[in-house]
Amino acid sequence: MASLSLFSLFCMFSFLLGMAHAQLSSNFYASSCPKALSTIRAAVNNAVAKERRMGASLLRLHFHDCFVLGCDASILLDDTASFTGEKTAGPNKGSVRGYEVIDTIKSQVESLCPGVVSCADIVAVAARDSVVALGGPTWTLQLGRRDSTTASLSTANSDLPGPTSDLSNLISRFSNKGFTTKEMVALSGTHTIGKARCTNFRNRIYNETNIDAAFATSKQKICPSTGGDDNLSDLDETTTVFDNVYFRNLKQKKGLLHSDQQLYNGGSTDSIVETYSTNSATFFSDVANAMIKMGNLSPLTGTNGEIRTDCKKINGS
Ligand code: HEM
Ligand SMILES: *[C@@H]1O[C@H](CO)[C@@H](O)[C@H](O)[C@H]1NC(C)=O
Ligand SMILES: *[C@@H]1O[C@H](CO)[C@@H](O)[C@H](O)[C@H]1NC(C)=O
């Protein structure tokens with residue numbers, strides 16, 4: 001009797017779990033908007049051809065969306081007189097890029113299939129296609145995310161990791177979202193593309209000791225000890241190519257951010273960095289799986305949320 005009711009509880013639970021993901025599927029737009037994916041890919045390729053860094057920016061946009069209320073395009077909502085979005089949060093302001101690319105893609109898919117393709121899915125697909133465009137791995141995305149009708153400035157400030165984080169902080173922030181330490185290291189490997197502002201690595205290049213001396217000197221040339229906060233540095237030596245050079249740089253104490261070098265600083269993640277630095281195929285497969293997992297963080301499905309017509313605004317506002 002007891003085992004029977006436990007069994008039926010288990011069945012109900014599995015059924016509910018199945019329901020929660022019932023609307024996410026890899027062929028979600030196959031009949032409702034068959035050209036959606038090729039349209040997004042073409043627009044991403046076009047944007048990356050114009051500026052390679054845009055691939056990095058679109059990938060980061062997806063990360064900063066997913067870590068705040070889940071992958072629901074909350075990051076895209078503009079502030080209004082009566083609404084505060086996430087764009088002015090510390091980790092986003094003056095830093096997150098690519099909003100115009102998403103708007104361009106959205107208007108293209110809206111003219112193909114009005115009201116069908118969510119902003120959250122566009123961001124997820126654009127991130128994947130960006131990595132592919134820069135020579136990284138591909139992965140199969142679950143689609144059918146819907147868009148939020150809210151955003152959270154305070155969660156963006158509290159949940160996104162900062163560049164001064166120590167290893168234990170990085171591990172716990174990712175663990176809070178369900179990621180293992182190894183997945184956190186793999187995801188950090190996306191710093192193989194893109195750039196950072198002087199303000200985010202100044203203290204590291206002037207004050208830290210676990211840094212290659214010649215590397216620090218060369219970075220000091222583009223990042224003065226005062227001023228030039230927005231001067232940019234590449235995150236690794238091959239910034240427009242998605243590869244495992246980021247991990248080789250860490251082994252040479254050439255991590256740009258304090259948080260980067262934390263992954264190879266005598267702690268528990270050194271061995272993971274070793275593996276990824278010598279085995280690019282393992283890094284590619286681990287980062288692809290971790291990206292799928294990140295893309296599945298708390299999606300809105302079914303009748304939750306909405307399909308925004310303008311990614312910057314809640315419908316009817
Ligand atoms: C592990 C914790 C992480 C920290 C502390 C961190 C921090 C940062 C910082 C400070 C920047 C430079 C921003 C600026 O100076 O304007 C940056 C750039 C970037 N981050 Fe992260 N990040 C982390 C994880 C991730 C993850 C998980 C991803 C993607 C899955 C990611 C993707 C990127 C990319 C692609 C860039 C370059 C963006 C561009 O050039 O526009 N980061 N990150
Ligand atoms: C170096 O560290 C000192 C002491 O914490 C701090 O006051 C100073 O601003 C730091 N220098 C730079 C360039 O960040
Ligand atoms: C960095 O910033 C400083 C101060 O604003 C500026 O003089 C310098 O030209 C910048 N360097 C580079 C390489 O952009």
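We count ligands from 1, going down the list as the structure has it; atoms in each ligand are counted the same way.
Near Tyr206, the atoms of ligand 2 lying under 4.0 angstrom from a non-hydrogen atom of the residue are 13 (C). Remark: ligand 1 atoms within the under-4.0 Å shell around heavy atoms of Leu235 are 18 (C), 19 (C), 36 (C), 37 (C). Ligand-side atoms of ligand 2 in range of Arg202: 13 (C), range being under 4.0 angstrom from any heavy atom. Taking every non-hydrogen atom of Asn203 and a distance limit under 4.0 Å, the qualifying atoms of ligand 2 come out as 1 (C), 2 (O), 10 (C), 14 (O).
Pairs of residues two or more places apart, or lying in two chains, that qualify as side-chain hydrogen bond (donor to acceptor under 3.5 Å, both in side chains) and include a residue from residues 71-88 are Asp72-Ser74, Ser74-Glu86, Asp78-Lys87.
Ser188 counts as a contact of ligand 1, since one of its heavy atoms falls under 4.0 Å from the ligand. Using a non-hydrogen distance threshold of 4.0 Å, Phe174 registers as a contact of ligand 1.
Evaluated by nearest non-hydrogen atom to atom 3 (C) of ligand 3, the leading choice among Thr226, Ile222, Asn231 is Asn231.
Close N/O approach between His191 and ligand 1 is found [any backbone or side-chain N/O within under 3.5 Å].
Contact annotation for atom 11 (N) of ligand 3: protein present (non-hydrogen atoms, distance under 4.0 Å).
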Side-chain donor/acceptor pairs under 3.5 Å, residues 129-141, sequence neighbours excluded:
unit_1: Ser130; atom_1: OG; unit_2: Ala126; atom_2: O; d: 2.7

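Figure legend: Lys177 and Phe67 shown as a cation-pi pair, the cationic atom lying under 6.0 angstrom from the six-membered ring centre and within 45 degrees of its axis.
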